[in-house]
Structures are given as C-alpha cells and as structure tokens.
Novice: 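This is the structure, below, for whatever I ask next.
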Amino acid sequence: APGRPLAANNFAQDLRRRLDSAGNCNFDRIGSASSARLIERAATIPSMNIWTLNAGSSSVKLGIFEPSAASSAAQRCVLRRRVTLLPAGEAATLAYLRAEHAGYPPNVIAHRVVHGGHSLSKPCVIDPAARRAIEAAASFAPLHNPVALRWIDACQSVWGNKLRQIAVFDTAFFAQLPEAAWRYALP
C-alpha cells in the first residue's frame with residue numbers, strides 16, 4: 001500500500017507509545033478533525049515543533065505548535081494564521097515563513113489532504129508512493145488535492161528529505177463505516 005502507516009517508522013512507534021496523553025491545545029480552527037487528532041497525538045513528544053498546513057481550494061492556514069513549558073506532554077499553539085501566497089509561488093511563501101518563524105523550526109509538517117483514494121485511509125508518512133496515490137485521487141477532490149500536492153512539493157523543495165511530512169485525510173473519517181452506511185444514502 002502506498003504511504004507507510006505511521007506505525008512503520010521509529011517516529012511513529014515513539015508517537016504511539018505516548019498516545020492518549022493528549023496535549024491541551026484548542027484545535028477548532030486548525031483544519032480538519034483528523035488533522036487535530038494527529039497533532040494532538042504528536043503533541044506528546046517533547047521538544048518537537050509541529051507545523052500544520054491546511055491547504056483548501058482558496059486559502060491556506062498555517063498552525064505552529066511547540067512543546068509547552070507546563071508539561072512535557074502538552075503542545076502550545078504558537079501561531080494560527082491564514083497564509084497569503086506570494087506571487088513567486090508556494091516554495092517562496094514557505095521560505096518566507098521559515099525565515100519569519102525561525103524560532104520554531106518544524107520537526108514535522110502535517111498536511112490536511114481531502115481525499116486519499118482507496119489506498120490511503122489513515123494518516124501516513126508522505127513518501128513517493130503516497131504522493132502518487134494522492135495525485136491519483138485528485139479526480140475525487142479536484143479543487144483540493146492538487147493544491148495540497150503543490151504545498152507538499154513546496155515543503156520538499158524548501159526542506160528536502162530531512163523533514164518528515166505527514167498526510168491526514170478527511171476521508172479517513174468515512175473509511176470504517178459499515179457498507180450499508182456508505183452504500184445507501186439513507187438517514
């Protein structure tokens with residue numbers, strides 16, 4: 001399956017060991033609920049700055065989280081803002097944001113992606129196979145997935161392979177519904 005599930009790497013194994021001692025940040029304005037759950041779980045790892053990118057069809061929102069001084073198991077919301085795209089494009093915008101927020105260098109970037117297709121139904125590390133699967137699912141979310149891919153590619157060009165990127169899918173919410181619930185449009 002494309003994209004390594006989070007449990008398939010050391011970062012995620014450590015992350016999973018620390019699950020359920022969630023941070024205390026208010027996620028109601030930082031993107032989808034599934035993104036919030038991933039951020040909440042990642043917030044339990046000390047000394048990790050987490051950037052979230054919520055690329056919609058017409059806007060992009062950035063969230064930056066840092067470890068909380070109050071608790072090693074909590075993240076503090078440092079920034080929530082709508083991002084204005086520079087005329088030079090996504091990579092130039094990220095380079096500007098990186099310089100502007102140099103005090104909070106990201107250890108991981110979590111991207112909200114609307115549709116993961118049939119093969120991506122859980123948060124995953126974005127590797128070449130996951131990127132191809134997101135691109136293949138673009139016909140299901142033509143206003144959102146291509147925009148998310150541009151930001152994923154921009155992060156790759158600005159930070160290279162040294163920065164881990166995670167995709168969290170809106171469609172993950174529906175992945176575990178019973179067949180009767182997703183097949184028949186009945187209340």
Novice: Which value, rounded to the nearest 0.5 Å, describes the distance between Tyr184 atom OH and Glu179 atom CD?
Specialist: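 One gets 6.5 Å once the value is rounded to the nearest 0.5 Å.
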Novice: If hydrophobic clusters are built from ILVMFWY residues whose side chains come within less than 4.5 Å, do Val147 and Ile109 share one?
Specialist: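 Same cluster.
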Novice: Look only at the side chain of Ser157 and the backbone of Ala91, and say whether a donor-acceptor pair between them is shorter than 3.5 Å.
Specialist: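 Looks like no, no N/O pair under 3.5 Å.
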Novice: So, taking the atom named CH2 in Trp51 and the one named CG in Leu79, what distance separates them when rounded to the nearest 0.5 Å?
Specialist: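 That separation rounds to 8.5 Å.
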Novice: If I take atom SG from residue Cys155 and atom NE2 from residue His111, how far apart are they, to the nearest 0.5 angstrom?
Specialist: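 Answer for the SG-NE2 pair, Cys155 versus His111, is 4.0 Å.
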Novice: Salt bridge (Lys or Arg N to Asp or Glu O under 4.0 Å) with Arg150: which residues, sequence neighbours excluded?
Specialist: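 Checked Arg150 against salt bridge (Lys or Arg N to Asp or Glu O under 4.0 Å); matches are Glu90.
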Novice: Under 3.5 Å, is there a donor-acceptor pair between the side chain of Asn49 and the main chain of Pro105?
Specialist: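 Judged by distance alone, yes, a pair lies under 3.5 Å.
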Novice: Would Leu149 and Arg131 count as a side-chain contact (heavy atoms from CB on, under 4.5 Å) here? Give the steps.
Specialist: CA-CA 8 Å; Leu149 284 169; Arg131 194 206 175 284; 3.7 Å; yes
Novice: With sequence neighbours left out, what residues match Tyr104 under ring-ring contact (aromatic ring centres under 6.0 Å, His included)?
Specialist: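 Not a single residue meets the ring-ring contact (aromatic ring centres under 6.0 Å, His included) criterion with Tyr104.
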Novice: Would you find a donor on one side and an acceptor on the other, under 3.5 Å apart, between the side chain of Asn54 and the backbone of Val60?
Specialist: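 Flag not set: sc Asn54 to bb Val60 has no pair under 3.5 Å.
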Novice: If you count the non-hydrogen atoms of other residues, nucleotides and ligands that lie under 6.0 Å from CD in Glu100, is the total more than 12?
Specialist: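 Check passes, neighbour count above 12.
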Novice: To the nearest 0.5 Å, what is the distance between CZ (Arg80) and OG1 (Thr52)?
Specialist: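 OG1 of Thr52 is found 9.5 Å from CZ of Arg80.
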Novice: Answer whether the closest heavy-atom distance between the side chains of Asp170 and Val113 falls below 4.5 Å.
Specialist: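 When only atoms from C-beta onward are counted, Val113 and Asp170 do not touch, as no gap falls below 4.5 Å.
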Novice: Say you draw a straight line from CZ of Arg81 to OG1 of Thr84; how long is it, rounded to the nearest 0.5 Å?
Specialist: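 OG1 of Thr84 is found 7.0 Å from CZ of Arg81.
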Novice: For residues Phe169 and Asn145, determine if any side-chain heavy atom of one lies less than 4.5 Å from a side-chain heavy atom of the other.
Specialist: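 Sidechains of Asn145 and Phe169: no contact.
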Novice: Return yes if some donor-acceptor pair links the side-chain N/O of Thr171 with the main-chain N/O of His115 below 3.5 Å, else return no.
Specialist: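 No, the answer is negative, given that no donor and acceptor are paired below the 3.5 Å cut-off.
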Novice: How close do Arg98 and Val158 get, heavy atom to heavy atom, and via which atoms?
Specialist: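 Closest heavy-atom pair between Arg98 and Val158: NH1-O, 3.0 Å.
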Novice: Work out which heavy atom in Leu120 is nearest to a heavy atom in Ala133; give both atom names and the distance.
Specialist: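 It is CD1-CB, 3.6 Å.
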Novice: Would a single hydrophobic cluster contain both Leu143 and Ile134, if residues Ile, Leu, Val, Met, Phe, Trp and Tyr are joined by side-chain heavy-atom contacts under 4.5 Å?
Specialist: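 Ile134 does not cluster with Leu143.
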Novice: To the nearest 0.5 Å, how far apart are SG in Cys124 and CD in Gln165?
Specialist: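 Reported to 0.5 Å precision, the distance equals 11.0 Å.
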Novice: Dump the intermediate steps for side-chain contact (heavy atoms from CB on, under 4.5 Å) on Val83 and Trp151, then the final yes or no.
Specialist: CA-CA 12 Å; Val83 174; Trp151 284 95; 4.3 Å; yes
Novice: Would you please test Leu53 and Arg112 for side-chain contact (heavy atoms from CB on, under 4.5 Å) and show each step?
Specialist: CA-CA 6 Å; Leu53 279 173; Arg112 173 202 172 219; over 6 Å; no
Novice: With side-chain contact (heavy atoms from CB on, under 4.5 Å) as the criterion, how do Ile64 and Ile50 come out once you've worked through the C-alpha distance, each side chain's angles and the decisive distance to 0.1 Å?
Specialist: CA-CA 6 Å; Ile64 298 179; Ile50 302 165; over 6 Å; no
